[in-house]
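To find a chain, count down the sequence lines: A is the first, B the second, and so on, and within it residues start at 1. From a predicted model like this one, the values you see are computed outputs, not experimental measurements.
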Amino acid sequence: MIAGDVADALPPNDELAQSFELLADLLQLDGADGFRLNAYRTAAQRIRDSATPVAALALEGKAKQLDGIGKTIEAKIVERVETGEIAALVRLQTAIPVGLVDVMHVPGLGPKTARRLWTDLGVEDLDGLRDAAEQNRISALPGLGEKSEQRILESLARPRADVGADRVLLGRALPLVERLIAHLATHSACERVSEAGSTRRRTETVKDVDLIATSNDSTALLDHFVAFPSVAKVTAHGETKATFVSQDGIAADLRVVSPECYGNLLQHFTGSKAHNVALREEAVRQGLSVSEWGIEDADGSVTTMETEEEVYAALGYAWISPELRENAGELELARRGELPALVDSIRGDLHMHTTWSDGRASVEEMAVAAKAQGLKYIAICDHARRLRDGRLAEQVAEIVAANDRVSGLRVLSGVEVDIRADGSLDMPSELLAERDWVVASVHSGFQDSREKLTTRIVAAIEHPSVDCIGHPTGRKLRQRAPYDLDLDAIFAAAAATGTALEINGQPDRLDLRDVHARAAAAAGVKIVCNSDAHSTRALAYADFAVMQARRAWLTDEQVLNAGSWREVAPRRAGASR
DNA sequence: GCCGTTTTCGGCCCGACTGTTTTCAGTCG
């Protein structure tokens with residue numbers, strides 16, 4: 001374990017990943033070998049996806065054990081920790097204007113063009129790019145024309161994207177996917193249609209929405225696609241593919257493909273890129289060449305497949321659930337036929353609010369809605385601070401009454417308590433002990449040190465009445481970074497006490513995130529998938545928690561509320577209390 | 001820069017689209 005003061009100084013994974021991505025971008029502008037750039041980008045992704053701080057691993061010489069990180073990159077991480085910078089990165093930053101990286105990322109531009117704009121026109125950043133385009137100096141360059149110049153100006157006119165701001169929450173993208181599939185499926189020219197891309201993999205945010213379809217009349221189907229009611233702008237409309245931007249700013253893409261290689265195409269367009277690259281590399285070692293059009297053997301004959309199952313089978317794999325396709329070990333297990341049976345649904349929702357605190361629906365309304373969704377039990381977890389001065393007793397009476405009126409669903413008396421700055425909880429222990437289910441969460445002091453926050457949460461985990469830690473890292477997607485925690489210490493304490501950790505299904509939380517939930521479960525921690533609903537409609541957020549659990553490789557056994565309340569409840573009578 | 005049931009050297013997925021070309025480089029996923 002790293003001592004607190006040293007750990008505080010360690011760069012977080014996200015910052016390290018950014019450094020290597022910048023290094024790759026600058027090297028690319030510098031004309032470096034593409035495979036070298038790829039190595040840095042792969043390493044950056046590995047670092048970002050690691051559940052443990054890679055800086056700490058590097059200091060112990062263990063970062064090399066991560067796939068894609070070798071001794072050179074490990075040495076650079078150590079250098080960053082010990083000197084505060086990476087010399088190679090500093091050198092490049094002085095040789096190449098850093099603003100040129102933004103220029104390179106303008107859609108349609110790339111490293112070669114960006115470098116030419118710099119050397120030939122003196123463009124060093126986006127402002128310089130705008131000036132050059134407005135003065136028609138770009139179209140004067142050989143190989144670039146008026147269309148290029150116009151497209152650059154259009155790109156620059158859009159609001160400057162903050163980190164992740166150009167990505168859309170899965171919770172916004174999936175409803176669009178469902179409506180689009182329904183829209184396409186009703187058309188007579190539509191034979192088969194499927195979601196693809198990152199929405200099919202259920203990643204927490206997506207860049208756009210991808211669909212594929214087969215059709216006996218692709219022109220008619222694509223016309224129907226771009227006639228979707230909420231289209232704001234059609235950006236491409238060809239014979240096999242169309243793209244539009246919806247009124248709420250989400251880009252949607254439909255490709256019409258031929259039926260005989262539907263399986264190859266679905267597999268290809270589902271990705272991820274890393275998964276497909278690894279799949280194809282392995283295929284090459286077997287003398288096969290994989291593309292979206294089929295699998296070519298050494299003799300040059302191409303076999304096409306109508307289903308994904310056939311594609312994977314032809315390469316020696318069991319079919320892989322899209323949520324797992326991130327090149328995170330799934331190919332190896334699929335080859336051995338040892339993929340986990342992923343959790344499919346939950347039987348109870350153990351975190352929701354009512355009008356007794358900040359929810360919009362009554363206890364009974366939540367119960368009726370939950371029953372309609374097929375749930376067998378729910379825990380009403382209003383904020384403890386709103387249940388003082390006798391209100392708790394009144395709320396409990398309403399829960400008892402709801403149990404009488406709603407059959408086939410058990411309504412549990414739960415609570416969500418704040419974990420205070422000193423690690424204590426904001427409801428007296430004797431009242432906590434009477435609750436059926438206790439969620440403890442951090443709602444303040446997000447800026448506290450890593451050591452202090454970790455100590456607070458571990459104290460809550462060790463409290464005999466606490467069953468679960470709510471939204472454990474406190475992040476809000478695109479709004480707020482997670483607070484600084486020693487997750488290994490949290491996981492160890494949770495495993496030791498049998499306290500569960502939540503995957504909070506609110507689309508802007510999804511907290512724990514996938515790689516952390518996977519690491520927690522691997523450490524022996526039970527996971528609970530909750531909606532944290534504040535209205536009846538928001539009960540559906542539990543589905544997003546389950547999607548996240550599947551991305552975390554979790555099985556029914558690892559998700560506590562995939563079981564019945566009878567299976568969950570004995571924990572409370574266990575020896576730890 | 002990474003990696004290794006052929007290898008510590010010599011590989012590293014594959015194809016489509018775009019704009020500007022007249023055979024292709026650059027970009028994208």
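Comparing the P positions of B/dG26 and B/dT21 gives an interatomic distance of 14 Å, to the nearest angstrom. Taking the P atom of each, B/dT6 and B/dC2 are spaced 24 Å apart, rounded to whole Å. Going from the C1' atom of B/dT20 to that of B/dT5 covers 49 Å, rounded to whole Å. Nucleotides B/dC13 and B/dG4 place their P atoms 14 Å apart, quoted to the nearest Å. Taking atom C1' on both nucleotides, B/dT8 is separated from B/dC3 by 9 Å, rounded to a whole Å. B/dT7 and B/dC12 are spaced 13 Å apart, taking the C1' atom of each and rounding to whole Å. Here, B/dG11 and B/dT23 have their C1' atoms 28 Å apart, quoted to the whole Å.
What separates CG of A/Asn327 from P of B/dC13 is a distance of 12 Å, to the nearest Å. At whole-Å resolution of the value, CD1 in A/Ile152 and P in B/dT18 are 17 Å apart. We find that CG of A/Asp253 is positioned 12 Å from P of B/dC17, with the value rounded to whole Å. For the pair A/Arg115 CZ and B/dT27 P, the computed distance is 13 Å after rounding to whole Å. Per the geometry, CD belonging to A/Gln28 stands 8 Å off P belonging to B/dT27, to the nearest Å. With rounding to whole Å, A/His275 atom NE2 is found 15 Å from B/dC14 atom P. Atom pair A/His268:NE2 and B/dG15:C1' shows a separation of 7 Å (rounding to whole Å applied). Computed from coordinates, the A/Glu292 CD to B/dG29 C1' distance equals 10 Å when rounded to whole Å.
Minimum interatomic distance between A/Ile138 and A/Leu144 (heavy atoms only, all atoms of both residues): O-CB, 3.7 Å.
The A/Tyr40 side chain lies nearest to B/dG1 when the options are B/dG19, B/dC13, B/dG1. You'll find that the side chain of A/Lys207 is closest to B/dG29, out of B/dG1, B/dG15, B/dG29. Considering only the side chain of A/Lys147, B/dG19 comes nearest among B/dT27, B/dG19, B/dA16. Of the candidates B/dG15, B/dT27, B/dC14, the closest approach to any side-chain atom of A/Arg280 belongs to B/dC14. Residue A/Ser291 places its side chain closer to B/dC14 than to any other of B/dC14, B/dC13, B/dG1. The side chain of A/Ser148 approaches B/dG19 more closely than any other nucleotide in the set B/dG19, B/dG1, B/dT27.
Nucleotide B/dT27: paired with B/dA16 (Watson-Crick or G-U wobble, both distances less than 3.5 Å).
Where A/Lys241 and A/Asp210 each meet DNA chain B at their nearest nucleotide, the meeting point lying more 5' is that of A/Lys241. If you find the closest nucleotide of DNA chain B to A/Lys112 and to A/Gly143, the one lying nearer the 5' end belongs to A/Gly143.
Of the charged side-chain nitrogens involved, at least one lies within less than 4.0 Å of a carboxylate oxygen, so that A/Asp25 and A/Arg41 count as a salt-bridged pair. Ion pairing of A/Arg36 with A/Asp33 is absent here, as no side-chain N (NZ or NE/NH1/NH2) approaches a carboxylate O to less than 4.0 Å.
The closest donor-acceptor contact from the side chain of A/Asn13 to the backbone of A/Thr52 lies under 3.5 Å.
Ring orientation note: the planes of A/Phe244 and A/Phe228 are close to parallel, at an angle under 30° on the 30°/60° scale. Between A/His224 and A/His187, the ring planes lie tilted relative to each other; the angle falls in the 30° to 60° range.
Contact annotation for A/Leu279: no contact, since no heavy-atom pair falls under 4.0 Å across all strands. Residue contacts for A/Leu144: at a heavy-atom cut-off of 4.0 Å it reaches the sugar-phosphate backbone alone, with no base atom in range. As judged by a 4.0 angstrom heavy-atom cut-off over every strand, A/Pro142 is placed among residues making no nucleic acid contact. At a threshold of 4.0 angstrom between heavy atoms, the contacts of A/Glu146 are confined to the sugar-phosphate backbone, with no base atom among them.
Side-chain contact of A/His275 with A/Arg280: a donor-acceptor pair under 3.5 Å is absent, judged by distance alone.
Note on A/Lys273: every side-chain N or O is 4.0 Å or more away from OP1 and OP2 of B/dG29. For the OP1/OP2 pair of B/dG1 and a distance below 4.0 Å, the side-chain nitrogens and oxygens of A/Thr42 include no atom meeting the criterion.
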Next on the checklist: I'd like to compare against my own output: the B/S/- annotation of nucleotides 2-12 of chain B with a strict under-4.0 Å heavy-atom distance to protein.
Outcome noted: SS--------B
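Under a cut-off of 6.0 angstrom, the local environment of CD in A/Glu338 is crowded, with over 12 non-hydrogen atoms contributed by other residues, nucleotides or ligands.
Tested against A/Glu326, the residues A/Arg550, A/Arg202, A/Arg551 include a single salt bridge (charged side-chain N to carboxylate O under 4.0 Å, His left out) partner, A/Arg551.
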